[in-house]
Amino acid sequence: QGTGGGDDAIMGFELEEEGELLETTVGYLATTPEGRSAEFTVEAAGEVLYNSGPLESKGGAAKIRVPLKGHKRIMLRISSE
């Protein structure tokens, strides 16, 4: 489940093993009010591995696949507008 708010959020994750691929869902729940916008970024070792660009609340959620290039520590950054 997501962060549930309209504020920015940063979440760090340490994987038990070096991963090859992150498969997850980003975006809004169907119950989110319209008119919200956010950008989802996956980072590792200071490098941006994925950036969604602006996503609108009316657009729902999307499944993504992000190559991790052997990183064990990743960060998900959500920037709201």
Side-chain angles (χ1 to χ4, degrees):
Q1 194 81 19
T3 62
D7 298 325
D8 293 350
I10 298 174
M11 294 168 276
F13 301 91
E14 186 163 348
L15 308 173
E16 290 182 17
E17 300 176 9
E18 288 185 0
E20 294 289 323
L21 186 69
L22 169 67
E23 295 181 85
T24 191
T25 302
V26 297
Y28 289 96
L29 297 173
T31 56
T32 303
E34 288 191 24
R36 294 190 180 178
S37 177
E39 194 166 322
F40 297 81
T41 306
V42 177
E43 302 173 18
E47 177 185 358
V48 174
L49 305 178
Y50 171 83
N51 184 289
S52 69
L55 296 177
E56 302 294 326
S57 56
K58 65 181 176 184
K63 291 187 179 192
I64 63 168
R65 295 168 51 99
V66 181
L68 296 180
K69 303 176 187 172
H71 295 290
K72 283 186 72 173
R73 294 181 183 171
I74 61 173
M75 183 170 49
L76 171 62
R77 183 184 306 271
I78 304 169
S79 303
S80 301
E81 294 183 13

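Values below: all heavy atoms of this structure, side chains included; hydrogens, waters and symmetry mates excluded.
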Path from Met75 to Leu68 over hydrophobic side-chain contacts below 4.5 Å
no
Residues two or more places apart in sequence or in another chain: which of them pass side-chain hydrogen bond (donor to acceptor under 3.5 Å, both in side chains) with Lys58?
none
Excluding sequence neighbours, so at least two apart, what forms salt bridge (Lys or Arg N to Asp or Glu O under 4.0 Å) with Glu14?
Arg73
Tell me every residue that passes salt bridge (Lys or Arg N to Asp or Glu O under 4.0 Å) with Glu23, counting only those two or more places apart in sequence or in another chain.
Arg65
Give me the atom names and distance for the closest heavy-atom approach of Ser57 to Pro33.
OG-O, 2.9 Å
Judged by atom type as modelled, is there a donor-acceptor pair below 3.5 Å linking the side chain of Ser80 to the main-chain atoms of Ala38?
no
Does Val66 share a hydrophobic cluster with Leu76, counting links as ILVMFWY side-chain heavy atoms below 4.5 Å and allowing steps through other members?
yes
Which heavy atom in Glu17 sits nearest to a heavy atom in Lys72, and how many Å separate them?
C-CG, 4.0 Å
If you look at every heavy atom in His71 and Ala45, which pair is closest and at what distance?
CE1-CB, 3.9 Å
Check whether any side-chain N or O of Asn51 sits under 3.5 Å from a backbone N or O of Thr41 as a donor-acceptor pair, and report yes or no.
no
Within one Ile-Leu-Val-Met-Phe-Trp-Tyr cluster: Val26 and Ile10, side-chain cutoff 4.5 Å:
no
Heavy-atom closest pair, residues Leu49 and Ala44
CD1-CB, 3.7 Å
Would you say Phe40 and Met11 are hydrophobically clustered, going by side-chain heavy atoms of ILVMFWY under 4.5 Å?
yes
Spacing of CD1 belonging to Ile78 relative to CD belonging to Glu39, to within rounding of 0.5 Å
11.5 Å
